[in-house]
Amino acid sequence: MIDSFLTKHMQRVGSRVDLFPGTHTHKHTRVGKAALTCLLPTSPDRVPASSSSKKSSLQVFSSRETRRVSLCHCLLLPHPHKHLAQMAESEPLPVQVGEKRSCPENEEDDTPSKKPKVESDHENGGPAHQDEEPEGEGSDGEEDGETFANMMKHGLTELDVGILKYVSDHKGFSGILKERYSDFVVHEINKQGNIVHLDDLSIPPDDEDVPEAKQQQQESDVLTEEQKKQLGELQLFKNKEDNVSIEVMDDSKERRTLVHKAIKTQFPGLETKTEEKEGRKFIVAYHAAGKKALAAPRKHFWPKNRGSFCHFVLYKENKDTMDAINVLSKFLRLRPNMFSYMGTKDKRAITVQEIAVLKITAERLAHLNKCLMNLKLGNFCYKNHPLKLGELQGNHFTVVIRNISGTDEQVDQAMTSLKQTGFINYYGMQRFGTTAVPTQHVGRAILKNDWNEVVDLILKPRPGAEKEFLVRCREEWAKTQDPEAALRKLPNKRCVEGQLLRGLSMYGKKNIVTAFGLIPRNNRLMYIHSYQSVVWNTMVSRRIEAFGLKAVEGDLVLRGTTAHVLSAAEAESHTIHDIVMPLPGFDVIYPAHHVGKGYRELLSADGLDIDNMRHKVKDYSLAGAYRRIIIRPSNVSWEVIHYDDPRISLVHSDFEKLENKPAPVFNKEGKYRALRMEFSLPPSTYATMAIREVLKLDTSIKKQTQLNTTWFN
């Protein structure tokens, strides 16, 4: 039914769709020339009032019709046997976000990732983990017509990555997660333990720099209101003349200097030059880098008694952290590494976090608020230090799950269990990629030093729908094993396949290690971290199966950053919330009971020696880490709300509060029900795993697609 429906409507929609949520670097695909947005069952909150009886019971929303929703955000239906359904952290759909004018946002970030003794890579608060095949900027090649359901039949389920157990025995229920990106709100918890909010857009007073303040007042006075209006239009690219000329009547160098400074200070992104026409001097303002930048770099006086770093709160909607920083860096003409932050945040969400930037004034940053969409900067202050990854204490989540099927009693049971017991601290599905070749398989091949297998896994043809140029590239590689010929099939060389093929063409197929090194370091490490994560998930499921929710002899607890094996007597004084399990590596110990021995068996079955986790290439040597097996959220609260309009936001955001917009009002007799929950999580935890525990739903795209297909049929 879905196949025929998609075929029928293939040419009616023309926008890109996100079919692979769940990673911090997301992957897009097109089906045919059309890009599907979402297939949703007809329901009162989905069908326009004017829909005719001739229309299908499924509805396609194009980008011109309404906000786009990815299929993975559709109705979550309980599994008939295990109450499983999809709930992955998903990618925002490409709605209009970011700055008002074009700005390249595609620079790669190759920040080295550290592997601490206590595991710290995490959702919404750690280094981004990229999908196996980050999308390149590229071409609109013809795609095959395989449907989403057919595509995802080759994907992973939770069972494939060791996610097997729940801690509570309540009955699960269905709902819709992230129907709107505003249904998922994340506030960072800073290292002082405070929840970060955007609540002040003002520029801090600079009492220590009175002479500069006076100079700024003088600069402000040299421009007329008409000139300011013209310069403002030029700054926002509304002036089709592409420059503004200001005649200098008082022809003195001091006067011209004031005008130059006034334009550059008040209108970031504009450059100036002095021109002489017919004996008269003009100062001409223009964009130094066209639409690529908002502010040109120039030397600034920086007071010695002012902190070198401007800290500010970044509020963003439907944009991930690195995309937002790339936008800011282009606008300010800075390198992205001039910015520091404590963790990355979801893309399909409203998120609030602290950012620091070196020697950029609050005034320049505040000017960007006039020119950006879905990004706001505020709460400025100066400090003498940058921010560091992992310094945060966690994140506070406000999550709305719409159209819930559970009774109020079921909801209370589920949320009470989450508050009192918590959830299993599994690595979420976004850790393992979304294609037919799981990232952990590549990681296993790297650890085995089987580089031919690494190349084969990344480049070989694979089932499932892909961009046509990737299909052609893989076919060429399978046929000729010629990296240059395969590379020519790619319109953009920055995807993982392109980077690997470029390395093979430069260094030859006998030097795969060096060729593989052309892939950014974070992408390469993602593969082996993915393998570690599957092992951890699998062993934790075995631990819960064997011993349940109590501490037992042989379990591990942390004392500082060192693991200690519990004796039978010590186990009596500890709870399940104290217990940690190791990610495999050369610098960890394993539980002393039979589950600990399972690590050796599991790695041995994969052809790895648990006693020799050092690799010939230092980057791929695994030190290992420890991770708590049960996480109990703090600050847990919830309410079931009723509403009539599915288009309204059910959360009052920081920006709406700043704009003095009223909070949402709920009708107690509303025809729709939603669960709004709030909770705080420490670093290194996945919010989707907490939600999985509440709803008892499988978070894999594959499982949800199967369930939705069954439901549609």
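Because only heavy atoms are used, hydrogens play no part in the values below, and waters and symmetry mates are left out as well, while side chains stay in.
Aromatic rings from Phe432 and His441 are positioned such that their centres are separated by 6.0 Å or more.
Side-chain contact check for His564 versus Leu558: every heavy-atom pair is 4.5 Å or farther apart. Contact of the Ile424 side chain with the Met689 side chain is not registered, since no non-hydrogen atoms from C-beta on lie closer than 4.5 Å. With contacts defined as side-chain heavy-atom distances shorter than 4.5 Å, the pair Phe423/Pro633 qualifies.
Under the 3.5 Å distance criterion, the side-chain polar atoms of Asp578 are left unmatched by any main-chain donor or acceptor of Val557. Between the Thr685 side chain and the Leu681 main chain, no donor and acceptor come within less than 3.5 Å of each other.
Tyr426 does not carry Arg692 over the face of its six-membered ring by the limits of under 6.0 Å from the centre and within 45° of the normal. Cation-pi geometry between Lys489 and Phe469 is not met: the NZ or CZ atom fails to fall both under 6.0 Å from the ring centre and inside 45° of the normal. The side-chain tip of Arg627 points at the ring of Tyr427 from less than 6.0 angstrom away and within 45° of straight on. Judged by the 6.0 Å and 45° rule, Arg614 forms a cation-pi pair with Phe586.
Exactly one residue among Gln353, Glu188, Lys345 makes a side chain to side chain donor-acceptor pair (under 3.5 Å) with Asn395. That residue is Lys345.
No donor-acceptor contact under 3.5 angstrom links the side chains of Arg431 and Ser530, judged on distance only.
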Walk me through whether Asp183 and Lys178 qualify under salt bridge (Lys or Arg N to Asp or Glu O under 4.0 Å).
CA-CA 5 Å; Asp183 289 347; Lys178 291 190 178 183; over 6 Å; no
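Taking every heavy atom of both residues into account, Ile629 and Val580 meet most closely at CG2-C, 4.2 Å.
Note on ring orientation: taking the six-membered ring where Trp is involved, the planes of Phe516 and Tyr527 are tilted (angle from 30° to 60°). Using a 30° and 60° split on the angle between ring planes, Tyr620 and His615 fall in the perpendicular class, above 60°.
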